[in-house]
Novice: 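Quick one: the structure is below, and I'll ask about it shortly.
Counting starts at 1 for both ligands and their atoms, in listed order.
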Amino acid sequence: MDFDKQAVKFAADRMLGKLAKWLRIMGEDVIYGRHLTGSGLIHAARLDGRLILTRDRRLKQKQPPDFILVESDRCREQLRQVVNACGLDPLALAFTRCLVCNAVLEPRAKDTVEARVPPYVFSTQERFFACPRCNRLYWPATHHERMLEELRRLTPLETRN
Ligand SMILES: [Zn+2]
């Protein structure tokens, strides 16, 4: 299969919640939900041309659009399989998408968020982002470092700088 690296969007089977979350951490467009299994998953993927991620071997019999049969039951290996199959850059778009509703985050001026963040965060952070859908606020925090470390492990050695 040959995927368009720029435009690939995903529909993750409901059993792949953790994988879906990590793809969103990478900034990838991935829908995920309880209804996304079997025919529901195929329908949703067809609706806006999404690549299906599934562990369901029987899905093949339902004539799905393009799909990746995820081999491992471990999230790290699953992520590696998808990154390699689609030629994704794990760091290029990291932390640009809401982890809850999949919307692309928008920058917010620091002075507009003061009432909504803890004083320590306000005094130590300069860059804030908000989800246009759920209004959740995001800012670089210590857990980002651990997530980045995880993403760096997915990047092929020869492209690391
Ligand atoms: Zn959101």
Novice: Name the one of D29, L16, L53 that satisfies side chain to side chain contact (heavy atoms under 4.5 Å, CB included) with L23?
Specialist: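 Single pass found, and it is L53.
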
Novice: Do the side chains of R146 and E149 get close enough for a salt bridge, i.e. N-O under 4.0 angstrom?
Specialist: no

Novice: Would you say the side-chain atoms of R50 pair up with the backbone N or O of A45, donor to acceptor, closer than 3.5 Å?
Specialist: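 No; zero donor-acceptor contacts below 3.5 Å.
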
Novice: Relative to the Zn ion (ligand 1), how many protein N, O or S atoms have a separation of less than 2.8 Å?
Specialist: 4

Novice: Under 4.0 Å between a side-chain nitrogen and a carboxylate oxygen: does that hold for E150 and R76?
Specialist: yes

Novice: Under 4.5 Å between any side-chain heavy atoms of P140 and Q125, yes or no?
Specialist: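 A side-chain contact under 4.5 Å exists here.
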
Novice: Less than 4.5 Å apart, side chain to side chain, heavy atoms only: is that true for Q81 and I68?
Specialist: yes

